[in-house]
Amino acid sequence: MTEAAPETQAETHAEAQRRATRALAEAGIPGAARDARALLAHAAGIAPDALVLRAEMAMRSETSAALDLALAQRIARRPVAQIIGRREFWGRDFEVTADVLDPRPETEEIVALALSDLPAGRILDLGTGTGILALTLLSEWREARAVATDISPAALAVAARNAARLGVDERLTLVESDWFNGVEGVFDLIVSNPPYIPAADIASLDADVREWEPHLALTPGGDGLGPYRAIAAGLGKHLAPGGRVLLEFGAGQGAAIRAIFARAGWQGTVLHPDLAGRDRVLELRRSR
Ligand SMILES: C[S@@+](CC[C@H](N)C(=O)[O-])C[C@H]1O[C@@H](n2cnc3c(N)ncnc32)[C@H](O)[C@@H]1O
């Protein structure tokens, strides 16, 4: 008589989370515990906060397979936002794909500054990517309308889906454009987080960014300042009297960018620091 093989005990969610954290840590992934939690929640199809309720529950085999796949991707340095397909920004979820920049928390500073002093409601977001800036402002500010541009049609498709999901698509116009080239009209608020990494710095970026995020979103090539020259040149035509401009830039670029705007006739620019005290946002206002 042959003996039946003992049934293998399915892993609990808590055990899987510990295993995932160990696997990521051994692969040198910084923030291994945080990423393991996000990937397990994604694999289980629940919010990370709900994991605690399942800690001692056995995992289904589909969840286990989905977790293994997600771990393999993360170990290959794919960013968590691309694996799970979303990122939270200003309290809302945005779809993220390989065609768009994974939104960074420091970009919320532009939203905070914009909401601190709302002008009339015509907004322009240059290089919108996921749409975080235009769509967050439209969600927070129901009277506003926005034009959001990108040179990448694939990025515009992501922004369109995010707009529809957030229910702001009727107040949004998406335009494929090289900075101001395809833009018509005058705006009360112009925001942008353009690509600004100098070409020479790309090689030293983390593999997560360098190998997985679209280079079009990271660097404009050369010294990284080309987008600011293009934006400074177009403001005369597109910024309304009394209008504001808020632009993100890289740490250490403030003086050069201020000089670009001064040369284009825009004096009185103000630089705003991030939480670490480094200047990261340029603001200017047009007189009435
Ligand atoms: C740094 S990402 C910012 C995306 C989004 N606004 C954010 O903050 O997450 C820059 C965006 O500018 C777009 N871009 C690059 N070159 C451009 C150009 N010449 N004209 C318009 N958009 C451009 C990229 O496709 C990318 O979506």
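For ligands, and for the atoms within them, numbers begin at 1 and follow the listed sequence. All heavy atoms count here, side chains included; hydrogens, waters and symmetry mates do not.
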Worksheet item: Which atoms of ligand 1 have any heavy atom of Asp178 under 4.0 Å away?
Response: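 So the atoms of ligand 1 that pass are 18 (C), 19 (N), 20 (N).
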Item to complete: Output the list of atoms in ligand 1 that are nearer than 4.0 Å to some heavy atom of Thr107, sorted by atom number.
Response: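 Those atoms are 8 (O).
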Top protein contact for [atom], by heavy-atom distance:
atom	value
atom 15 (C) of ligand 1	Leu216 O, 3.3 Å
atom 1 (C) of ligand 1	Ala217 O, 2.9 Å
atom 25 (O) of ligand 1	Asp150 OD1, 2.6 Å
atom 9 (O) of ligand 1	Ile132 CD1, 3.3 Å

Discussion item. For Val281, is there any backbone N or O sitting under 3.5 Å from a side-chain donor or acceptor partner on His272?
Written reply: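 No; zero donor-acceptor contacts below 3.5 Å.
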Practice prompt. Say whether, by atom type as modelled, one donor and one acceptor occur between the side chain of Asp274 and the main chain of Gly277 under 3.5 angstrom.
Written response: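 Yes, the answer is positive, given that a donor and an acceptor are paired below the 3.5 Å cut-off.
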For residues 247-269, run the donor-acceptor check on the side chains, cut-off 3.5 Å, and write out each pair with its distance to 0.1 Å, sequence neighbours left out.
| from | atom 1 | to | atom 2 | distance (Å) |
| --- | --- | --- | --- | --- |
| Glu248 | OE1 | Thr107 | OG1 | 2.8 |
| Glu248 | OE2 | Tyr196 | OH | 3.2 |
| Glu248 | OE2 | Arg280 | NH2 | 3.4 |
| Gln253 | OE1 | Gly250 | N | 2.6 |
| Gln253 | NE2 | Tyr196 | O | 2.8 |
| Arg258 | NE | Thr269 | O | 3.4 |
| Arg258 | NE | Thr269 | OG1 | 3.3 |
| Arg258 | NH2 | Thr269 | O | 2.7 |
| Gln267 | NE2 | Ala262 | O | 3.4 |

Worksheet item: Which of the listed options, Ile197, Val183, Ile151, holds the heavy atom that is closest to atom 14 (N) of ligand 1?
Response: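 It is Ile151 that holds the nearest heavy atom.
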Practice prompt. Could you check which of Val191, Leu101, Asn193, Thr128 puts a non-hydrogen atom nearest to atom 5 (C) of ligand 1?
Written response: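 Minimum heavy-atom distance to atom 5 (C) of ligand 1 goes to Thr128.
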Fill in: contact_flag Thr149 ligand 1 heavy-atom lt 4.0 Å
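Heavy atoms of Thr149 never come under 4.0 Å of ligand 1.
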Discussion item. Can you tell me which portion of Ser177 lies within the under-4.0 Å heavy-atom range of ligand 1? Options are side chain, backbone, both, or neither.
Written reply: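 Backbone only; the side chain of Ser177 stays clear of ligand 1.
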Worksheet item: Are any of the N/O atoms in Gly127 less than 3.5 Å from those in ligand 1?
Response: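 N/O-N/O distance under 3.5 Å: yes.
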Worksheet item: Polar-atom distance check: Trp179 versus ligand 1, any N or O pair below 3.5 Å?
Response: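 Between Trp179 and ligand 1 (N or O atoms, distance only) the closest approach is under 3.5 Å.
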Worksheet item: Per the salt bridge (charged side-chain N to carboxylate O under 4.0 Å, His left out) rule, which among Arg77, Arg78, Arg104 passes with Glu213?
Response: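 One option only clears the test, and that one is Arg104.
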Item to complete: Count the heavy atoms belonging to other residues, nucleotides or ligands that lie under 6.0 Å from CG of Leu53, then report whether that count exceeds 12.
Response: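 Buried by this count: over 12 neighbours within 6.0 Å.
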Item to complete: Considering only NZ, NE, NH1 and NH2 on the basic side and carboxylate oxygens on the acidic side, decide whether Asp208 and Arg74 come within less than 4.0 Å.
Response: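 Arg74 and Asp208: salt-bridged.
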Discussion item. Let me confirm one number: the CG-OG1 distance from Leu124 to Thr173, rounded to the nearest 0.5 Å.
Written reply: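 With rounding to 0.5 Å, CG (Leu124) is 10.5 Å from OG1 (Thr173).
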Item to complete: Kindly determine whether Thr128 and Asp125 satisfy side-chain hydrogen bond (donor to acceptor under 3.5 Å, both in side chains), including the steps that lead there.
Response: CA-CA 6 Å; Thr128 197; Asp125 176 13; 2.6 Å; yes
